[in-house]
Structures are given as C-alpha cells and as structure tokens.
Visitor: 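Sharing a structure below in structure tokens format, with a few things to ask.
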Amino acid sequence: MAESNKNERMEKIVSLCKRRGFVFQSSEIYGGLNGLWDYGPLGIELKRNIKNAWWADMVTSHNERIQPEGAPRSFQMTGIESSIIMHPRVWKTSGHYDLFHDLMVDCRESKRRYRYDHIKGAWVEHGEQKVFVSCITDGDAKEEITRRALQHFKLKAKYADQLTWHSEVVDLTTVPETDQVLAPDAKELGTLTEPREFNLMFETHIGAMQSDDSKAFLRPETAQGMFVNFRNVVDSSRVKVPFGIAQQGKSFRNEITPRNFTFRTREFEQMEMEFFCHPSESREWYQFWRDRRFKWYVDLGISEERLILRDHEEAELAHYSVGTADVEYAFPFCEEGEYGELEGIAHRGDFDLRSHMEGKLVREGNELVVETDGDGKPKYPGSGKDLTYHDEEAKERFVPHVIEPAAGADRTVLAFICDAFDEEEITNEKGKTETRTVMRFHPRIAPVKVGVFPLLKNKPELVAKAMEVRAMLQPYMTVFYDETGAIGRRYRRQDEVGTPFGVTIDFDTIGENGEENKDTVTLRERDSMEQRRVKIDDLLNLLLKEIM
RNA sequence: GCGGGUGUAGUUCAAUGGUAGAACGGAAGCCUUCCAAGCUUCAUGUGAGGGUUCGAUUCCCUUCACCCGCUCCA
C-alpha cells in the first residue's frame, strides 16, 4: 500500500511537471533520450530563482566586513565561470580519469555486474579440482570464500579442513583466465565475461580532426574550475584567505542507470563553492559551512522533517576527506527512512591544490603522496605551478585547506518541487469535497510571484485597470495576467503552479461602490486562500517584502 | 547492462484486425460581482521503424522511452 502511494505521489508530480510546463523529456518528439530532461517555461523560472537565491547567499549579498554567526572570522566571497571542457590533464591529476574509468565484469548466470577490482577470491582445491572462489564481501573474505568453496564442492561445514588453499585472498585482477572462476553469485564456473571498460566521463575531441591527442572530456564536476583558477583569483581580486570561489554550471556524467526523473541525469547543473582557509581553522570552517548550507534549504521553505544533515561514517569518506556531510531529502521515490543526496559538504584538506601542484595523489598510510609509475616518476604530473598562499601579516606560506559545499541544482529544484506539491481536500459552498492542487513554493523561488485578474473581462474599465496594475508590478517581479474563465478558476490555475499571490480588480477598485474602496484591490493569498483589501499604492511594497 | 512491467489527446483513462471515445485540461464566444459555475463551438492522439494482412492502434519482430527490482551511484 505504502509502495503504491509512494509511486502515485511521484507520478502525480511528474505529470504536473509535464502538464504545467516545469519539466519535459529531452527531445521528446523523437522518443526522448535516457537521462536527459528539459525545463519548461515555469521550470526555468523556478530553477533560475533557486540558482539566484544560492548565488546571492554565497556571493552577491555577502558582506566581507561582517562575521557571520558560527564563523571563525569574517571572509570574502567571489565567483567564476570556467569552461566545461578543460585541459585533459586536469582530470588525470584530479583522479577523475582513473576513478571514472572502471573495468566491469558481468556474470552470465546471475546477470549481475561487478567492478572488476572489487571482486576478491582465492584458489581453493578439493579432489582433483582447483577453483578460484570469488566474493565481494566487505567482511571476512576468507570466511565467505570457505563457505562458498564448501558449497561448491558439496562438503559439510565440518570438513573445511579438506580444502587445500593455494593462495591468500587476492584480487580477481590477478587471474588471467576466468573459466575456473566461481563468480560471486554463481553456481557454475566460468560465468564471468571479460572485463569491459566503462567510462563515466563524456569524451569529445578538440578540433575538427579526431585523434588520441585531441581527446578531451566534458567536466564531471565544476570544482576543478575553481582549483585551477585559485592563483588567478588570488592575483586579480585582492582576496585574502579565508575566501571562497563559487560557480554554477553544467557537468556531465555518463551514468550507467539514470533514474528517478531529474534526480540522476547524465547532464546536470551544479552549484559548488570552494572555500580556502588556513589548515588550523579548517575544521571550524567545515562546521560552519555544514550548518549554514543545511539552513539555506530550511530558510527557503523546505520541510525540515524531510531534510537531514547526515555525517559520513569514516569508512565512507573519500580518501582525501577529513569529514563529509550530506544534505539529504526524503523524496517520494525513496524508501521509508531513505534519502536522496542534494548536497555534499566536504573537508578536502589540501588534496586538490597539492594535486594540481605536484601530481595525482594517493593515500599511503596516513599520508597523501604523489602516485608514481614504474620508473618512480609521477603517474600524472601536476602543473608545477606554485599554488601556495602567502599570508603577509603572519609572514607565513601554506597550502590552503578546502571546504567544499557542492550542491546539485537540478536535484534541489526537484526537492523543492516535491516538497511544494500538495493536494488539499476542501469543501465548496455546495458541501462537496474537492481536491485543490497547490504548489506551496516559498515566494522567493515561486516561478510566478503574482497573478493579476480583472474580475470580469467584458467590462473594459476592469480590464484597463488590471493592465495598469500589471504594468506597475512587472518591472519588479514575474506577473501573470489572466482574464479568462471564472475568477475561482483563475485562482486555482495559479495554485497549481505555485503563484503565491493573486490580485483581483473589481468594481470597488474603479469606484463604482463609493470612494471608500476606490483604488483598492483584493489580495488573495495562495496557502490560506484568504483575501484582504489593499490600496494599489501599497501593493508593490507589500509584495516586494514578501518575495525578497 | 540484466530481469519484469507499461507506452492511446496536454493529463488521467476507455475501445477495437475495418472511420479511435470519455473526463479533466486548452482555445474562441455568450453569460457571469471573488475560489475549478453554465451554455455553444473548435482543436489535439495510437512512442518510432519494419513485418504479416485486402486492411494493423490491435498480431509478430526490432528499437526508443518511462516505471519497478538488481547493478551502478567521485
């Protein structure tokens, strides 16, 4: 039951998005394209409002002289926009090239797919047969292999000592032929395919002639644009550490399984910020951004009971990270108690700047060291440029540490859409219950701020006055003018797209019922459906206060 | 990428081997003094390609997309 309700709600949301012009399938008239979506007229307004709210919060409305609550000190904020195609070495040095090129093997029997380097196993012999028994457990591999080997040789558990082990637990990558391999979920031997390459980065070529030398990648994240421009920003904009560089823009990942509407897509927009600070203050800054980013969603009206701030377990942390927290939302397509990630706030240490100086880094014990090839040279050398920061007051030179809040813009849009969607049971005058669909967007992100309606369209005085009001408001906000259908119908239309306010011009407005209410209008509020009379002269200020 | 399911109007759904319907929505008009009112008129569809057939939206094949489960998810 919960299952069908869960899907039903998501289906209604998807249907509304299509019907009212929030989200369309990409290239729909040609049958659509997997994992790609377009924003419609209302969708783009919503998305732009959300992006603008983020940009304002991060960059334009930041005051570098004021120390925000919870911040170790005051700080500066800047923005950039870097290119989508960057030097291919950026991705080798950053680790994405290796990370996003996975070798995968399929099991013909279990129909499962595994990362080639995730499968472990051991050569085990019994009778005349020697088999590579594999598994993908996180726990005790030896125990799991013993269990599966016993099963394979049809032995009872007490005869474990009859197994002859010919190797320690090793990676499947050490096994040249797979015909004597017992796949992790198979009963037969030799069911694994040859390893095949999966490339999560979109490839393209620079220049009209294609060759291996011309190969380039569409960025899988915007973050590297900030790291490689760190020096430029420091040199050009008089910023001092601590400061942040923000960027919004498209990224591309060739996901194996795009799923869940616009939640996981192959082309997506990110809102990322790299905050550079002194290593000694980095933990405090991490806490600050972690809490501040969570609050941003709440301030924009997302329901707090569906939003969580989840700290990663140590084992879950990326190899360079000292701490990471996710802002996650309980989407309708999530199982009970599960959430979808909107944003990750990561303490990245000096990993990124050091990588771009020295070369691709790997963890060795507790140290990050430059990964080397067979000859002891860096596998992927860095730029060799000095990306340290010199603090003139403290007379100190250091590699800044980085705090990175990285949000998915499209996921955030989807979360706000899902959160705003509401079906309200109301009883009309005839005592009949009907359903009112309302998108309860926060006024600041609502695609349309106000609807302007003449009560009747066949009364020229009403229409003329309504056009006046519209013209007055339009320079300051998105206004939707509508004169067709009964007034109630027009209200409901706007409810469904989340317009927070409706303004109706009636006979009082044009002075037909005396001077007292002349030049006043009805202001109708979306959520409560309450109406009050306000002076046209007060309207703009009143609305601006609500939508800013 | 595997398995299962689904593709009919903008949306939600009917129907059919022989001219594809409804409701809601949309447009136009009349009417209408504040919460999807009424009346009249109109527009719009079988995901794509191929096959079988006199004739295919229906049967078959391929493909594409969406949903569910696996897998994947820096």
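Every heavy atom of this structure was used, including side-chain atoms; hydrogens, water molecules and symmetry mates were not.
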Visitor: How long is the line joining CD of E424(A) and P of A36(B), in whole Å?
Guide: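 Nearest whole value for this atom pair: 13 Å.
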
Visitor: Roughly how many Å apart are G49(B) and C54(B), using the C1' atom of each and rounding to a whole number?
Guide: 23 Å

Visitor: Would you kindly give the CD-to-C1' distance between Q25(A) and C67(B), to the nearest whole Å?
Guide: 12 Å

Visitor: In terms of side-chain heavy atoms of K18(A), which of C34(B), A36(B), U11(B) is nearest?
Guide: U11(B)

Visitor: Taking for each residue the nucleotide of RNA chain B bearing the nearest heavy atom, is the 5' side occupied by K459(A) or by R490(A)?
Guide: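 Whichever sits nearer the 5' end wins; that is K459(A).
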
Visitor: Would you kindly give the CG-to-P distance between N254(A) and C72(B), to the nearest whole Å?
Guide: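 N254(A) atom CG is separated from C72(B) atom P by 17 Å.
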
Visitor: Should the side chain of R436(A) and the base of C35(B) be counted as holding a donor-acceptor pair, with the cut-off at 3.5 Å?
Guide: no

Visitor: Nearest of G69(B), C35(B), A65(B) to any side-chain atom of R524(A)?
Guide: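 Of the options given, the side chain of R524(A) lies nearest C35(B).
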
Visitor: Check the distance between U32(B)'s P and D506(A)'s CG and give it to me in whole angstrom.
Guide: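 Going from D506(A) (CG) to U32(B) (P), I get 17 Å.
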
Visitor: If we ignore angles and hydrogens, is there a donor and acceptor under 3.5 Å between the side chains of T522(A) and Q531(A)?
Guide: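 No.
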
Visitor: Picking from U33(B), C66(B), U32(B), which would you name as closest to the side chain of L455(A)?
Guide: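 So the side chain of L455(A) is nearest to U33(B).
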
Visitor: How close or far is atom P of U32(B) from atom CD1 of I487(A), stated in whole angstroms?
Guide: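 So the CD1-P distance, I487(A) to U32(B), works out to 16 Å.
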
Visitor: Mind checking whether F263(A) and F331(A) have ring centres under 6.0 Å apart?
Guide: yes

Visitor: Check for me whether K360(A) meets the cation-pi criterion with Y380(A), that is, NZ or CZ under 6.0 Å from the six-membered ring centre and within 45 degrees of the ring axis.
Guide: no

Visitor: Less than 6.0 Å separating the ring centroids of F217(A) and F202(A)?
Guide: no

Visitor: Taking atom P in both U41(B) and A22(B), what distance in whole Å separates the two?
Guide: 13 Å

Visitor: What is the separation between atom CZ on R266(A) and atom C1' on C72(B), rounded to the nearest whole Å?
Guide: 11 Å

Visitor: Mind checking the C1' distance from A56(B) to G3(B)? Whole angstroms is fine.
Guide: 29 Å

Visitor: Ignoring backbone atoms, test whether R489(A) places a side-chain nitrogen or oxygen under 4.0 Å from the OP1 or OP2 oxygen of G26(B).
Guide: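 For G26(B), OP1 or OP2 has a side-chain N or O of R489(A) closer than 4.0 Å.
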
Visitor: With RNA chain B as reference, determine whether G35(A) or V521(A) sits nearer its 5' end, using the nearest nucleotide of each.
Guide: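 By nearest-heavy-atom nucleotide position, the 5'-most residue is V521(A).
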
Visitor: For a quick check under 3.5 Å, do E483(A) and Y481(A) share a side-chain donor-acceptor pair by atom type?
Guide: yes

Visitor: Give the rounded distance in Å between these two atoms: CG of N260(A) and C1' of G69(B).
Guide: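 Result: 12 Å.
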
Visitor: Return no unless some side-chain N or O of N458(A) is found under 4.0 Å from OP1 or OP2 of C30(B).
Guide: no

Visitor: Verify, without hydrogens or angle tests, whether R306(A) (side chain) and A330(A) (backbone) share a donor-acceptor contact under 3.5 angstrom.
Guide: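 Side chain of R306(A) to backbone of A330(A), a donor-acceptor pair under 3.5 Å: yes, one is there.
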
Visitor: Test K250(A) against every option in E81(A), E267(A), E269(A), E272(A) by the salt bridge (charged side-chain N to carboxylate O under 4.0 Å, His left out) rule and name the one that passes.
Guide: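 For K250(A), the salt bridge (charged side-chain N to carboxylate O under 4.0 Å, His left out) check succeeds only for E267(A).
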
Visitor: Which nucleotide in the list C34(B), A65(B), A74(B) gets nearest to the side chain of R533(A)?
Guide: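 Closest nucleotide among those given: C34(B).
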
Visitor: Can you check the distance between G51(B) and C68(B), where both ends of the measurement are the P atom (answer in whole Å)?
Guide: 35 Å

Visitor: Just checking, R524(A) and Y491(A): is the charged tip under 6.0 Å from the six-membered ring centre and within 45° of the axis?
Guide: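 Positive - R524(A) is close enough to the ring of Y491(A) and near enough to its axis.
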
Visitor: Mind checking N34(A) for me? I need base, sugar-phosphate or nothing, with any heavy atom below 4.0 Å counting as a touch.
Guide: sugar-phosphate

Visitor: Is a donor-acceptor pair below 3.5 Å formed from side chain Y491(A) to base C34(B), judging by atom type as modelled?
Guide: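 By the distance-only test, yes, there is a pair.
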
Visitor: Classify E28(A) by what it touches in the nucleic acid, base, sugar-phosphate, or nothing, heavy-atom distance under 4.0 Å.
Guide: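 Counting heavy atoms under 4.0 Å across all strands, no contact is made by E28(A).
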
Visitor: In whole Å, what separates the P atom of C2(B) from that of G10(B)?
Guide: 32 Å

Visitor: Have a look at E255(A) and say if it touches a base, only the backbone sugar-phosphate, or nothing, with a 4.0 Å heavy-atom cut-off.
Guide: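 Counting heavy atoms under 4.0 Å across all strands, no contact is made by E255(A).
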
Visitor: Looking only at side-chain atoms of T257(A), point me to the closest of A28(B), A36(B), C70(B).
Guide: C70(B)

Visitor: Using the C1' atom on both, measure U53(B) against G1(B) and round to a whole Å.
Guide: 37 Å

Visitor: Among C34(B), A74(B), U33(B), which nucleotide has an atom closest to any side-chain atom of F507(A)?
Guide: U33(B)

Visitor: Considering only side-chain heavy atoms of R259(A), which listed nucleotide, C35(B), C70(B), C34(B), is closest?
Guide: C70(B)

Visitor: Take the protein atom CG of L99(A) and the nucleotide atom P of A74(B), then report the distance between them rounded to whole Å.
Guide: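 Atom CG in L99(A) sits about 8 Å away from atom P in A74(B).
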
Visitor: With Watson-Crick and G-U wobble geometry limited to distances under 3.5 Å, how should the secondary structure of RNA chain B be encoded in dot-bracket form, using | for bases paired to another strand and [ ] for crossing pairs?
Guide: (((((((..((((....[..)))).(((((.......)))))....(((((..]....))))))))))))....

Visitor: NA contact type, F100(A), heavy-atom cut-off 4.0 Å: base, sugar-phosphate, or nothing?
Guide: base

Visitor: Report yes if at least one side-chain N or O of R493(A) is closer than 4.0 Å to OP1 or OP2 of A36(B); otherwise report no.
Guide: no

Visitor: For the side chain of R19(A), counting heavy atoms from C-beta on, which of U11(B), A36(B), C70(B) is nearest?
Guide: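 Per side-chain heavy atoms of R19(A), the pick is U11(B).
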
Visitor: Will you find, in the side chains of H347(A) and T324(A), an N or O donor that is under 3.5 Å from an N or O acceptor?
Guide: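 Result is no, nothing qualifies.
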
Visitor: Pick the C1' atom in U19(B) and in U11(B), then give their distance to the nearest Å.
Guide: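 After rounding to an integer number of Å, I get 26 Å for this pair.
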
Visitor: Contact class for S15(A) (heavy atom, under 4.0 Å): base, sugar-phosphate, or nothing?
Guide: sugar-phosphate

Visitor: Go through G69(B), A36(B), C68(B) for me and flag the one nearest to the E335(A) side chain.
Guide: G69(B)

Visitor: Write down the distance separating the C1' atoms in G25(B) and A9(B), rounded off to the nearest Å.
Guide: 10 Å

Visitor: Using the salt bridge (charged side-chain N to carboxylate O under 4.0 Å, His left out) definition, which of the options K459(A), K518(A), K465(A), R533(A) pairs with D506(A)?
Guide: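 The passing option is R533(A).
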
